[in-house]
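Working notes for the structure below.
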Amino acid sequence: MKETENNAQGFLLVDKKEGWTSTDVDRQAKKIFHQRRVGHLGTLDPFATGLLILAIGEMTKFLPLLDDRWKVYRAKLVLGTSTATGDSSGDILAEKEVPPLTKEEIDLALKSLLGKSMQVPPMYSAKRINGERAYDLARQGKDVHLSPQEIEVSEIFLIDYDEDRKAITFQATVSKGTYLRTLGMDIAHRLKTEGHLAQLRRLQVGPYLVKDAIDILEANRENLLPLTKVLEGCRALPLSDENLARAKNGSTLFLSPQSTFLLVEDQDRQPIALYQRKGKVYHCVRGFRHD
């Protein structure tokens with residue numbers, strides 16, 4: 001299968017701009033790569049910037065296999081006011097005087113969030129309730145009831161405190177599903193005041209770094225990464241004609257252990273299927289379409 005304009009496939013590390021939705025980035029990628037199938041790993045709020053991992057074409061099948069258990073964020077928390085959205089875009093809900101604070105007191109408040117806890121996602125989130133996004137229901141003025149979920153903060157530390165602007169800049173490493181807007185409000189409450197996020201930047205998702213990402217408007221085919229570059233423990237391995245025929249049918253492969261994942265390719269280096277090792281054999285995870 002030779003690559004044509006409408007069957008580009010691969011992964012793209014994007015540094016999302018402020019004001020863009022994650023879906024906006026998907027749409028732009030569809031235009032650039034003339035591809036209908038584009039997906040992303042982990043939605044970023046419009047006000048947030050930073051790393052967004054895109055899958056193009058057939059690679060959308062494999063997004064769930066990528067390691068996104070931990071994410072690293074840098075955030076600016078403005079004290080004194082809370083908003084409906086938890087960021088600067090929402091209406092002010094409450095105001096409260098900010099007490100005199102030392103960096104030591106702020107650091108203690110941050111460290112108190114370390115470990116596992118239960119967190120209720122914000123009303124203005126991408127969580128689905130009976131098939132509808134929570135933020136759509138909230139904007140319609142409907143009641144939004146979200147269940148608490150377990151999260152974990154493995155690292156959090158203070159970068160700066162601007163006393164004049166009452167703004168805390170901090171960095172946190174958190175488990176998948178953690179909402180930094182809620183975390184920001186928790187920090188403010190521990191400091192006996194209110195707060196909302198003014199800035200949020202995602203620096204890392206699993207092993208993937210924002211320093212390796214590009215502006216979506218500058219993306220081209222040369223920036224697309226193959227599955228073997230983004231899926232940990234994945235390698236391509238030449239197979240015998242017999243095993244290649246088995247792979248084309250999705251049959252089990254009996255091979256000496258090579259890696260956790262095996263990308264099977266044909267003689268033209270076109271992908272046939274992805275296999276995962278379980279015990280002493282490889283089982284087919286997903287096959288690739290050949291239009």
Side-chain angles (χ1 to χ4, degrees), residues 14-26 28 40 42-52 71-101 103 105-107 109-110 113 119-127 133-142 144 146 151 153 156-174 177-205 210 213 215-217:
V14 174
D15 189 346
K16 189 187 83 66
K17 297 179 178 181
E18 184 176 357
W20 284 55
T21 67
S22 299
T23 302
D24 289 337
V25 179
D26 290 350
Q28 187 63 37
H40 60 264
T43 299
L44 275 176
D45 293 325
F47 89 102
T49 66
L51 181 60
L52 188 68
K71 300 176 182 180
V72 181
Y73 294 91
R74 185 173 66 239
K76 178 177 284 188
L77 171 66
V78 175
L79 301 175
T81 57
S82 61
T83 68
T85 58
D87 59 49
S88 300
S89 68
D91 295 333
I92 293 177
L93 287 181
E95 296 182 273
K96 192 172 182 180
E97 184 179 352
V98 180
L101 295 170
K103 289 186 177 180
E105 289 172 325
I106 296 170
D107 192 58
L110 295 177
L113 294 167
Q119 184 187 73
V120 178
M123 287 193 304
Y124 288 85
S125 69
K127 284 284 186 182
R133 297 289 189 184
Y135 53 66
D136 288 331
L137 296 174
R139 290 182 183 124
Q140 295 168 23
K142 297 181 180 178
V144 177
L146 293 166
I151 65 159
V153 179
I156 188 167
F157 58 88
L158 177 67
I159 295 175
D160 182 58
Y161 176 49
D162 187 331
E163 189 173 359
D164 293 333
R165 293 181 172 83
K166 300 293 187 285
I168 294 170
T169 302
F170 67 95
Q171 184 167 311
T173 301
V174 300
T178 302
Y179 285 89
L180 268 289
R181 286 175 289 154
T182 300
L183 205 65
M185 289 187 283
D186 290 340
I187 294 168
H189 293 160
R190 279 166 167 74
L191 295 171
K192 313 288 189 209
T193 185
E194 298 289 337
H196 67 274
L197 293 191
Q199 294 177 10
L200 180 63
R201 182 164 177 77
R202 186 153 70 194
L203 305 177
Q204 186 172 346
V205 176
V210 73
D215 187 323
I216 185 60
L217 297 177

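Position 1 is the first residue of the sequence; numbering continues from there.
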For Leu101 and Leu79: C-alpha separation, side-chain torsions, deciding distance, then whether side chain to side chain contact (heavy atoms under 4.5 Å, CB included) applies. CA-CA 11 Å; Leu101 295 170; Leu79 301 175; 3.7 Å; yes
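- Here the closest heavy-atom approach between residue Asp15 and residue Ala213 is recorded as N-CB, 3.6 Å.
- What you find for Ala188 and Gly195 is that their closest heavy atoms are CB-N, 3.5 Å.
- In this structure a side-chain-to-backbone donor-acceptor pair under 3.5 Å is present from Arg202 to Leu51.
- Nearest heavy atoms, Tyr161 versus Ile106: CG-CD1, 3.4 Å.
- Between the side chain of Arg181 and the backbone N or O of Thr85, at least one donor-acceptor pair lies under 3.5 Å.
- A distance-only check finds a donor-acceptor pair linking the side chain of Asp87 to the backbone of Ser89 [under 3.5 Å].
- With sequence neighbours left out, the salt bridge (charged side-chain N to carboxylate O under 4.0 Å, His left out) criterion links Asp160 to no other residue.
- Using a 4.5 Å heavy-atom cutoff, the side chains of Leu158 and Ile168 are in contact.
- Side-chain contact between Glu194 and Thr81: absent, with no pair of heavy atoms (C-beta onward) separated by less than 4.5 Å.
- Note that the CD1 atom of Ile156 and the OH atom of Tyr73 stand 13.0 Å from one another [nearest 0.5 Å].
- Distance alone, capped at 3.5 Å, is enough to place a donor-acceptor pair between the Thr193 side chain and the Lys96 backbone.
- Contact between Ser88 and Ala198 at its shortest, heavy atoms only, is OG-CA, 3.4 Å.
- In terms of the salt bridge (charged side-chain N to carboxylate O under 4.0 Å, His left out) criterion, Asp91 has no residue partners (sequence neighbours excluded).
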Test side chain to side chain contact (heavy atoms under 4.5 Å, CB included) on Asp215 and Lys17; report intermediate values, then the result. CA-CA 8 Å; Asp215 187 323; Lys17 297 179 178 181; 2.9 Å; yes
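- Closest heavy-atom contact between Gly177 and Ile151: O-CG2, 4.2 Å.
- In plain terms, the two heavy atoms of Lys16 and Ala48 that are nearest each other are NZ-O, 2.7 Å.
- Taking CG of Leu110 as the start and CD1 of Ile159 as the end, the distance is 10.0 Å to the nearest 0.5 Å.
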Test side chain to side chain contact (heavy atoms under 4.5 Å, CB included) on His40 and Val14; report intermediate values, then the result. CA-CA 10 Å; His40 60 264; Val14 174; over 6 Å; no
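- Using modelled atom types, no side-chain atom of Thr49 and backbone atom of Glu18 make a donor-acceptor pair closer than 3.5 Å.
- Within 6.0 Å of NZ on Lys76 lie no more than 12 heavy atoms contributed by other residues, nucleotides or ligands.
- Note that CG of Asp45 is 9.0 Å distant from CG of Leu197, once rounded to the nearest 0.5 Å.
- Proximity of Arg165 to Val78: side-chain heavy atoms (C-beta onward) are nowhere separated by under 4.5 Å.
- Between the CD atom of Glu97 and the NZ atom of Lys166 there is a distance of 9.0 Å, given to the nearest 0.5 Å.
- The CG atom of Leu52 sits 8.5 Å away from the CD1 atom of Ile216 when rounded to the nearest 0.5 Å.
- Looking only at distances, a side-chain donor or acceptor of Gln119 sits under 3.5 Å from a matching main-chain atom of Tyr179.
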Assess whether side chain to side chain contact (heavy atoms under 4.5 Å, CB included) is satisfied between Thr83 and Leu93, documenting all intermediate values. CA-CA 5 Å; Thr83 68; Leu93 287 181; 5.6 Å; no
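- When Leu203, Val174, Val205 are each tested for a side chain to side chain contact (heavy atoms under 4.5 Å, CB included) with Val72, only one passes: Leu203.
- When the salt bridge (charged side-chain N to carboxylate O under 4.0 Å, His left out) test is applied to Asp186, no partner is found at least two apart in sequence or on another chain.
- Asp24 places a side-chain N or O within donor-acceptor distance of the main-chain N or O of Thr21, the cut-off being under 3.5 Å.
- The CG atom of Leu183 sits 7.5 Å away from the OG1 atom of Thr178 when rounded to the nearest 0.5 Å.
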